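All remarks here apply to the structure that follows.
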Amino acid sequence: MWVRKMKYSVEEKGTKVIVRGIEDFNLKETFECGQCFRWNEEEDGSYTGVAYDRVINVKLEGDMLIIDNTDLNDFYDIWFDYFDLGRDYKQIKESLSRDPILKEAIQYGKGIRILRQDTWETLISFIISQNNRIPQIKKVIENLARSFGDPIEYKGKIYYTFPKAEDFVMFDVETIAKSKCGFRAKYIMDAASKVFSGEINLLKLYEYKTGEIRDILMNINGVGPKVADCVILYSIGRYDTFPTDVWIKRIVEYLYLKREGNPLEIQLFAIDKFGELSGFAQQYLFYYSREMRKKIFNERKK
DNA sequence: CAGCAGGGTTCTG
DNA sequence: CAGAACCCTGCT
């Protein structure tokens, strides 16, 4: 119901696809709201990243989105959905702004979009994220890509695709651990073997109800409710999901509860409050909590 | 079932 | 320069 035909003009120019009519999109906010780990800012403010076995560079100039190293086919097959260009974020923000607290949070990340990411990559990325910091998560993912992915050249630099399940299963846990992923190596291996064997078919997850997907994913060693919810939101696109990590827990406690709570309680509170837009609320709150981290941290010490 | 260990890195006191 | 903390989960 939130999807409506957007009015874009799209043209291919050399190695670029140029999309005009873009609204409610900010690259920094979208790439740094905690949902993805493989995008890096260039000196000119554009971002280069690897997704779906491709390297692209994206730049926003006014209402113009410029995607380099792609073509019209890939734009319509991949990037349109990846950047969620068919969704009216203005309407989502309006609806969520009925809550005055969230209205304030949205001001900090007005251009956030929820990316539609590859399921396998999302699963492994968030397994790595557990008890870890964002720079370290990015580092481990790059290490894995360099060791087990395929090289792609772009503008004289070598990038690496995110390795597939089949790229991991032929190695042992010790080899995977060389990526500095630590105790998570055995979890990556378990995910790889369950996907490679067909025990879990990630491409069919969308056919199941959210709760069923959660159960399927949580059969993987190292996947608990938080990691499963991240996959469900960032890849399957179930927007009534509210992944509850430490940052979200802190910001909800700080802004709403005014006391300590447990993750489940916070998640139920949020889903009751934000309903089918919980996932979007989560992203605005996560970004806001990162912007406010010093303030919140000082409050917590008292 | 509450509490705690767990890679490696960065930040803090 | 030790100790804590880190987008959590599994084990005891």
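Fair warning: this is a prediction, and the values are worked out from it, not measured in the lab.
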TODO: Could you state the atom-to-atom distance from CG of Asn131(A) to C1' of dC4(B) in whole Å?
DONE: 11 Å
Task: Distance, rounded to the nearest Å, where Leu264(A) contributes CG and dC1(B) contributes P - done: 14 Å
Open item on the list: Tell me the interatomic distance from Phe242(A), atom CZ, to dC7(C), atom C1', rounded to whole angstroms.
Closed with: 13 Å
Task: Nearest-neighbour nucleotide for the Lys226(A) side chain, dG8(B), dT9(C), dG6(B) considered - done: dT9(C)
Open item on the list: Regarding dG7(B), can its base be found pairing with the side chain of Asn132(A) as donor and acceptor, where the two atoms are less than 3.5 Å apart?
Closed with: no
Open item on the list: Heavy-atom nearest nucleotide on DNA chain C for Asn221(A) versus Gln35(A): which residue maps closer to 5'?
Closed with: Gln35(A)
Open item on the list: If I pick the P atom on dA4(C) and the same atom on dA5(B), what distance separates them, to the nearest angstrom?
Closed with: 12 Å
TODO: With heavy atoms under 4.0 Å as the rule, sort Ile220(A) into base, sugar-phosphate or nothing.
DONE: sugar-phosphate
Open item on the list: So Val140(A), base contact, sugar-phosphate only, or nothing? Heavy-atom distance under 4.0 Å.
Closed with: nothing
TODO: Identify which one of Ile158(A), Ile152(A), Asp68(A), Thr161(A) satisfies the side chain to side chain contact (heavy atoms under 4.5 Å, CB included) criterion when paired with Val55(A).
DONE: Ile152(A)
Open item on the list: Less than 4.5 Å apart, side chain to side chain, heavy atoms only: is that true for Asp99(A) and Tyr256(A)?
Closed with: yes
- [ ] Quick one: label Gly34(A) by what it contacts on the DNA or RNA (base, sugar-phosphate, nothing), any heavy atom closer than 4.0 Å.
- [x] base
Task: Sugar-phosphate, base or nothing in reach of Ile134(A), heavy atoms under 4.0 Å - done: base
Open item on the list: Just to verify, which of Phe83(A), Tyr89(A), Tyr8(A) counts as forming a ring pair (Phe, Tyr, Trp, His ring centres under 6.0 Å) with Phe25(A)?
Closed with: Phe83(A)
TODO: Grab the CD1-C1' distance between Ile127(A) and dG7(B) for me, whole Å please.
DONE: 16 Å
Task: Spatial distance of atom CD (Glu142(A)) from atom NZ (Lys180(A)) [nearest 0.5 Å] - done: 15.5 Å
TODO: Would you mind reading off the distance between Ile128(A) atom CD1 and dC8(C) atom P, rounded to a whole angstrom?
DONE: 14 Å
Task: Rounded P spacing from dT12(C) to dG7(B) in Å - done: 14 Å
TODO: Would you indicate, yes or no, if dT10(B) has its OP1 or OP2 atom less than 4.0 angstrom from a side-chain nitrogen or oxygen of Lys139(A)?
DONE: yes
Open item on the list: I want to confirm an ordering. Mapping Val223(A) and Ser129(A) to their closest nucleotides on DNA chain C, which one lands closer to the 5' end?
Closed with: Ser129(A)
TODO: Measure from CD1 on Ile137(A) to C1' on dG7(B) and round the result to the nearest Å.
DONE: 13 Å
TODO: Take atom CE of Met189(A) and atom P of dT9(C), then tell me their distance rounded to the nearest Å.
DONE: 21 Å
Task: Residues Lys90(A) and Asp24(A) bridged, charged N to O under 4.0 Å - done: yes
Task: Atom-pair distance (CZ on Phe126(A); C1' on dC8(C)), nearest Å - done: 12 Å
Task: Pairwise P distance for dT12(B) and dC7(C), with rounding to whole Å - done: 13 Å
Task: Glycosidic class, syn or anti, of dG7(B) using a 90° window around 0 - done: syn
TODO: Consider the side chain of Asp245(A), meaning its heavy atoms from C-beta on, and name the nucleotide among dC7(C), dT9(B), dG7(B) that approaches it most closely.
DONE: dC7(C)
TODO: Apply the side chain to side chain contact (heavy atoms under 4.5 Å, CB included) test between Lys59(A) and each candidate in Ile18(A), Asp44(A), Ile67(A), Leu65(A); give the one that qualifies.
DONE: Asp44(A)
- [ ] Give one of base, sugar-phosphate or nothing for Tyr234(A), where a contact means two heavy atoms less than 4.0 Å apart.
- [x] nothing
Task: Rounded P spacing from dC4(B) to dA5(C) in Å - done: 13 Å
Task: Base paired to dT9(B) (Watson-Crick or G-U; both N/O distances under 3.5 angstrom) - done: dA5(C)
Open item on the list: Can you work out whether Gln130(A) or Pro135(A) has the more 5'-proximal nearest nucleotide on DNA chain B?
Closed with: Gln130(A)
